[in-house]
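Computed from a predicted structure; not experimentally measured.
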Amino acid sequence: PFQNQWYSFSKDATMAGTDGLVVNKRRRIASPPSNLHITDLPDIILADVGAYLPKTSRALFAVAMTAPPSSWRKKSDQSQQQPSSATSKAILSTLGPEELEVLDSVDIEKSLAMKLTDDTIHAILVCIDAVNNLKILKLTGCVNIIGSGLESLRGSLSLKQIDLSVMKKHDIPFLKTEPLISEAEVLPILDSIVDADRNSLRHLHLPPRWREERSAGLIRFRRKYNSLMSNRSFVCSKCDDSLEGPFMMTGGYGLHNHTCYNCMNHFCGCGEIGNDTDEHGTDGNWNALKWCCRCENDYCVDCITMKKCSKCDEEMCTDCSSMKECQDCGETFCHKCGPDGQCACWEGGDVCSSCVPFLNRCQNGHCNKGDCSRCIDGIDGNEVDYCDVCGKHSCSDCRYLDCRKDLGQACSGCLGLSATTIIPKLQEENEKEKEQLREENRKLRHQVEELRGE
């Protein structure tokens, strides 16, 4: 399918010199035609390239190789949305049927997910025929989506799980960028799915902002959703007891109840009851579902193990747990509770104040370093010093960073305390910058030599 004139080589020309040496000469490669485009590549090559991408990225690639996302919208003079092209079908053919059932933007880079628009999401959903194929939709990190791009999911019978929280599953549900997803745009689409006979919906995670505002429309939808789930007569996957509502709770308003986020199996509140101590509890009476306070989802004990903070008793799933362990007693603490600090005499490990009393603490922001009672007398490894000029306790790293910002305005006392470290660190930084410049210079020289050779 490709023309030979722009990247085929001519055969080597062999000439015998007077001195008996054989010289091989190769004709230069002709410049490619200026009108060639990546879409001129055969579909089979694009499909092979797409096979190296995660499934959600592959669907995005299929859209990109077909048409601009906006062109997938229904036109006023067309009765149908634009169908997938042969190219997009070839790219998606490398996905198995089960791989088309899940669309989770966690598969793509966070920076790209934040740029996705409703047009792009709509194009992807149409491209994979989501209304008939998609079972799980998670708009992870898609903070720029308003909701009109989900229009093609109206009345879907295949969707089992919809996560509109627009956050990574294990991130704290408070994003720096406020998600744009609109209740006015999306709630009618959810209504159409719930109203559809024989719909498959089993789990729904609503955006935090919707749950906080509790609009009249959301209150009405919550009642309809709970009625739908209750009429299905679900039973506990462990003990076969009938499940009683609500499936969308009043306390922790709008959060899903009775359902594991991972496997979507349903569980009652008591789990299994036994007579002997088992791995799930001390008396055999345990909850099959555990709630993670960070991602606000329930998980069954078969899917994920939970970790509990030794101070506040809050539990987190292992995938989103940021808990740290005291190097002395082994107790675990969440990011809010500790452990209390890092001490040089513990080789940078975290220790709690119950094991090692901290007498000096670094006062810079969220720094967790300090000097314990073993180091306070100034033995080797002392981490935090007190500046008599500014009256501040700082560890050596934080003091260096403060002085480094503006050496002319830095505290004279801190400069004196940092004298033994600031000069070597500045020299090290300068050497790194010089090496980067030397490497850039070598690359530029190489490019110039190549250009001269042509």
Side-chain angles (χ1 to χ4, degrees), residues 97-106 125 128-140 150 152-167 169-170 173 181 186-208 210-211 218 220-250 252-271 287-292 295-304 317 319:
E98 69 284 350
E99 292 181 291
L100 290 173
E101 295 176 354
V102 180
L103 186 64
D104 187 351
S105 52
V106 75
L125 294 176
I128 65 174
D129 190 19
V131 70
N132 296 312
N133 294 324
L134 195 64
K135 292 184 179 180
I136 298 175
L137 173 66
K138 298 178 182 179
L139 298 180
T140 309
L150 306 179
S152 62
L153 296 176
R154 277 187 177 271
S156 171
L157 301 180
S158 61
L159 272 170
K160 292 184 176 181
Q161 183 178 35
I162 306 174
D163 187 348
L164 302 175
S165 58
V166 194
M167 64 177 207
K169 183 176 69 172
H170 305 299
I181 191 160
V186 179
L187 206 56
I189 300 172
L190 297 179
D191 264 325
S192 72
I193 296 173
V194 171
D195 290 338
D197 292 336
R198 304 185 308 280
N199 73 75
S200 304
L201 204 56
R202 295 172 68 93
H203 189 274
L204 179 60
H205 195 135
L206 299 176
W210 296 12
R211 293 188 273 113
L218 185 63
R220 176 193 54 78
F221 174 79
R222 175 184 166 274
R223 290 172 182 161
K224 180 192 293 188
Y225 182 81
N226 279 332
S227 176
L228 167 73
M229 301 297 279
S230 297
N231 291 337
R232 289 179 173 174
S233 303
F234 288 119
V235 297
C236 177
S237 297
K238 289 291 183 182
C239 64
D240 292 330
D241 284 349
S242 296
L243 296 177
E244 297 181 1
F247 280 80
M248 194 172 285
M249 296 186 291
T250 304
Y253 193 87
L255 291 174
H256 212 280
N257 195 21
H258 296 313
T259 310
C260 174
Y261 182 87
N262 270 16
C263 63
M264 285 185 284
N265 287 331
H266 300 294
F267 300 89
C268 66
C270 63
N287 289 328
L289 282 178
K290 299 290 185 180
W291 188 73
C292 175
C295 61
E296 297 186 309
N297 287 310
D298 280 322
Y299 297 94
C300 71
V301 293
D302 295 324
C303 284
I304 287 183
C317 58
D319 288 334

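- Atoms SG and CG, from C268 and D241 in turn, are 5.0 Å apart once rounded to the nearest 0.5 Å.
- Under the ring pair (Phe, Tyr, Trp, His ring centres under 6.0 Å) criterion, F234 pairs with F247, H266, sequence neighbours left out.
- Nearest heavy atom pair, residue N297 against residue H205, reads OD1-ND1, 2.8 Å.
- Closest approach of C260 and C300 over heavy atoms only: SG-N, 3.3 Å.
- Using modelled atom types, one side-chain atom of N226 and one backbone atom of M248 make a donor-acceptor pair closer than 3.5 Å.
- The closest donor-acceptor contact from the side chain of S230 to the backbone of S227 lies at 3.5 Å or more, if one exists at all.
- Residue T259 holds its OG1 atom at 12.5 Å from CG of N262, rounded to the nearest 0.5 Å.
- Applying the salt bridge (charged side-chain N to carboxylate O under 4.0 Å, His left out) rule to pairs touching residues 187-202 yields D191-R220, D191-K224, D195-K224, sequence neighbours excluded.
- With contacts defined as side-chain heavy-atom distances shorter than 4.5 Å, the pair S158/V131 does not qualify.
- For the pair N199 (side chain) and A196 (backbone), a donor-acceptor distance under 3.5 Å is present.
- Counting heavy atoms from C-beta on, the side chains of Y261 and I304 never come closer than 4.5 Å.
- Taking I136 as the reference, V102, K138, Q161, M264 meet the side chain to side chain contact (heavy atoms under 4.5 Å, CB included) condition, with sequence neighbours excluded.
- Contact record, L289 with H258: CD1-C, 3.5 Å, taken as the closest heavy-atom pair.
- Proximity of L100 to D129: side-chain heavy atoms (C-beta onward) are nowhere separated by under 4.5 Å.
- Once rounded to the nearest 0.5 Å, the distance linking CG of L255 with CG of D298 reads 8.5 Å.
- Distance CG/L150 to OG/S156: 11.5 Å, rounded to 0.5 Å.
- Between the R211 side chain and the L206 main chain, a donor and an acceptor come within less than 3.5 Å of each other.
- Nearest heavy-atom pair, S192 versus R154, reported as atom, atom and distance to 0.1 Å: OG-CA, 3.4 Å.
- Counting heavy atoms from C-beta outward, V194 and F221 have side chains that approach closer than 4.5 Å.
- Residues meeting the salt bridge (Lys or Arg N to Asp or Glu O under 4.0 Å) test with R223, sequence neighbours left out: none.
- Note that the CG atom of L159 and the CG atom of L204 stand 10.0 Å from one another [nearest 0.5 Å].
- For the salt bridge (Lys or Arg N to Asp or Glu O under 4.0 Å) test, no residue two or more places apart in sequence or in another chain qualifies with K160.
- Closest of all the heavy-atom pairs between S105 and T140 is OG-O, 2.5 Å.
- In terms of heavy atoms, V235 sits closest to L243 at C-CG, 4.0 Å.
- For S237, the side chain to side chain contact (heavy atoms under 4.5 Å, CB included) partners at least two apart in sequence or on another chain are N265, F267.
- The distance from the CG atom of L164 to the CG atom of L137 is 7.0 Å, given to the nearest 0.5 Å.
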